[in-house]
*Asks:* 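Sharing a structure below in structure tokens format, with a few things to ask.
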Amino acid sequence: MEDSIEVILQDNSRFLSKSKPHPVLSACIGAVLTGLYGLWSMFVMPGFRKIPMSLKVPYLPSSKDQTLNIMKLLEGRTGRLADLGSGDGRVVFAASAAGFHCTGFEINSILLTYARNKARWKGMPSGQATFVNKDFWKTDLSMYNNVTAFLAPGVMAVLGEKLLKELPDDALVIACRFPFPDWPPQSSVGSGLDETFAYDISSVRSHLRKVQNTVV
């Protein structure tokens with residue numbers, strides 16, 4: 001993103017030097033580009049450098065339909081839920097309202113503050129909805145029997161390895177938009193960009209063992 005903005009500014013500078021537009025136009029273009037960069041830095045950069053390059057995922061909030069799909073896939077379940085990259089907290093709030101004890105993992109300090117303030121404004125008990133400034137990649141998730149994630153396709157395989165090592169057999173993992181490679185979904189809801197997948201960890205482990213035995 002930073003490189004692309006620099007290219008835009010360089011190209012714009014060359015154009016302006018030839019055409020010599022009104023100074024007000026130059027100022028307006030510069031202000032717009034600076035504003036866009038500021039917004040991007042505000043919501044993506046805080047805490048972003050703590051994560052290895054290969055695991056970085058920019059903030060993209062789940063849509064209303066995605067959140068509803070998550071809740072449909074969680075029907076009939078209870079217990080502790082971890083939302084990996086909880087952003088503004090919308091999934092945590094929806095799941096908490098359904099009776100789950102939720103933890104939202106978020107390294108962006110601005111989004112974290114927003115979610116915590118919203119939780120206080122809603123009067124939610126801290127044990128029902130907690131937002132922590134922790135890197136979930138470095139956190140043991142074995143205490144959670146429900147996990148939700150809306151990340152990026154490039155990290156799903158690595159996340160899958162982590163969850164297989166740590167989650168209990170009765171855990172359910174829900175992935176928005178981007179499925180886990182080589183994992184058979186138990187079910188899915190929605191279509192297109194809003195499609196959401198549910199995985200039973202016990203079934204996934206059994207499937208992968210069968211595949212491994214077949215290869216051997």
Side-chain angles (χ1 to χ4, degrees), residues 51-52 54-57 60-87 89-106 127-130 132 134-216:
I51 305 298
S54 61
L55 300 179
K56 288 182 178 180
V57 178
L60 181 63
S62 57
S63 67
K64 181 179 179 180
D65 286 341
Q66 284 174 332
T67 303
L68 291 174
N69 290 341
I70 290 173
M71 298 314 301
K72 289 178 182 177
L73 294 171
L74 286 171
E75 286 180 2
R77 294 188 60 82
T78 58
R80 302 181 65 88
L81 181 145
D83 186 27
L84 309 182
S86 55
R90 62 187 65 190
V91 172
V92 169
F93 293 132
S96 296
F100 290 90
H101 295 277
C102 302
T103 302
F105 289 86
E106 181 55 61
Q128 199 74 24
T130 303
V132 296
K134 288 185 178 180
D135 178 3
F136 65 80
W137 294 108
K138 300 177 182 178
T139 303
D140 183 358
L141 301 175
S142 59
M143 65 185 296
Y144 301 98
N145 64 326
N146 302 279
V147 174
T148 59
F150 180 21
L151 300 175
V155 304
M156 298 306 288
V158 181
L159 178 62
E161 293 175 2
K162 174 180 173 62
L163 298 181
L164 286 171
K165 291 177 182 177
E166 298 177 357
L167 295 184
D169 265 346
D170 64 343
L172 183 76
V173 179
I174 296 178
C176 291
R177 189 176 298 176
F178 306 115
F180 287 92
D182 304 322
W183 281 25
Q186 181 184 61
S187 58
S188 65
V189 179
S191 60
L193 297 179
D194 291 323
E195 189 169 8
T196 308
F197 307 87
Y199 302 89
D200 175 76
I201 281 292
S202 179
S203 298
V204 171
R205 286 178 176 138
S206 177
H207 169 78
L208 294 178
R209 280 194 297 266
K210 290 179 181 178
V211 171
Q212 187 177 20
N213 291 335
T214 302
V215 173
V216 174

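Counting begins at 1 with the first residue of the sequence.
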*Asks:* Would you say the side chains of Asp200 and Ser203 form a donor-acceptor pair under 3.5 Å?
*Replies:* yes
*Asks:* Hey, does Phe180 have a side-chain heavy atom less than 4.5 Å from the side chain of Val173?
*Replies:* yes
*Asks:* Of all residues at least two apart in sequence or in a different chain, which pass the ring pair (Phe, Tyr, Trp, His ring centres under 6.0 Å) check with Phe100?
*Replies:* none
*Asks:* Taking all non-hydrogen atoms of both residues into account, name the closest pair between Met156 and Pro181 and its distance.
*Replies:* CB-CD, 3.9 Å
*Asks:* Starting at SG of Cys102, measure out to CG of Asp83 and round the result to the nearest 0.5 Å.
*Replies:* 8.0 Å
*Asks:* Quick one: does Thr214's side chain have a donor or acceptor within less than 3.5 Å of a partner on Lys210's backbone?
*Replies:* yes
*Asks:* Rounded to the nearest 0.5 Å, what's the gap from OG1 on Thr148 to CG on Leu172? Could you check?
*Replies:* 10.0 Å
*Asks:* May I have all residue pairs that pass salt bridge (charged side-chain N to carboxylate O under 4.0 Å, His left out) and include part of residues 63-80, sequence neighbours excluded?
*Replies:* none
*Asks:* Over all heavy atoms of both residues, which pair between Thr196 and Cys176 is shortest? Give the atoms and the distance, please.
*Replies:* CG2-SG, 4.0 Å
*Asks:* Apply the test side-chain contact (heavy atoms from CB on, under 4.5 Å) to residues Val132 and Thr139: give CA-CA distance (whole Å), side-chain angles for both, the deciding distance (0.1 Å), then the verdict.
*Replies:* CA-CA 11 Å; Val132 296; Thr139 303; over 6 Å; no
*Asks:* Do Ser96 side-chain atoms and Gln128 backbone N/O form a donor-acceptor pair below 3.5 Å?
*Replies:* yes
*Asks:* What pairs with Arg177 under salt bridge (Lys or Arg N to Asp or Glu O under 4.0 Å), at least two apart in sequence or on another chain?
*Replies:* none
*Asks:* Could you state the interatomic distance from CH2 (Trp183) to CZ (Arg205), rounded to the nearest 0.5 Å?
*Replies:* 8.0 Å
*Asks:* Counting only heavy atoms not in Asp182, do more than 12 fall under 6.0 Å of its CG?
*Replies:* no
*Asks:* Within this structure, what is the CD1-CG distance for the pair Ile70 and Leu81, rounded to the nearest 0.5 Å?
*Replies:* 8.5 Å
*Asks:* Return the set of residues passing side-chain hydrogen bond (donor to acceptor under 3.5 Å, both in side chains) with Thr103 (not counting sequence neighbours), or none when no residue passes.
*Replies:* Tyr144
*Asks:* State the CD-CG distance between Glu106 and Asp135, to the nearest 0.5 angstrom.
*Replies:* 11.0 Å
*Asks:* Please report the interatomic distance CG(Asn146) to CD1(Ile201), rounded to the nearest 0.5 Å.
*Replies:* 11.0 Å
*Asks:* Output all residues satisfying salt bridge (Lys or Arg N to Asp or Glu O under 4.0 Å) with Glu166, sequence neighbours left out; order by chain, then residue number.
*Replies:* Lys162
*Asks:* Would you please name every residue forming a ring pair (Phe, Tyr, Trp, His ring centres under 6.0 Å) with Phe197, sequence neighbours left out?
*Replies:* none
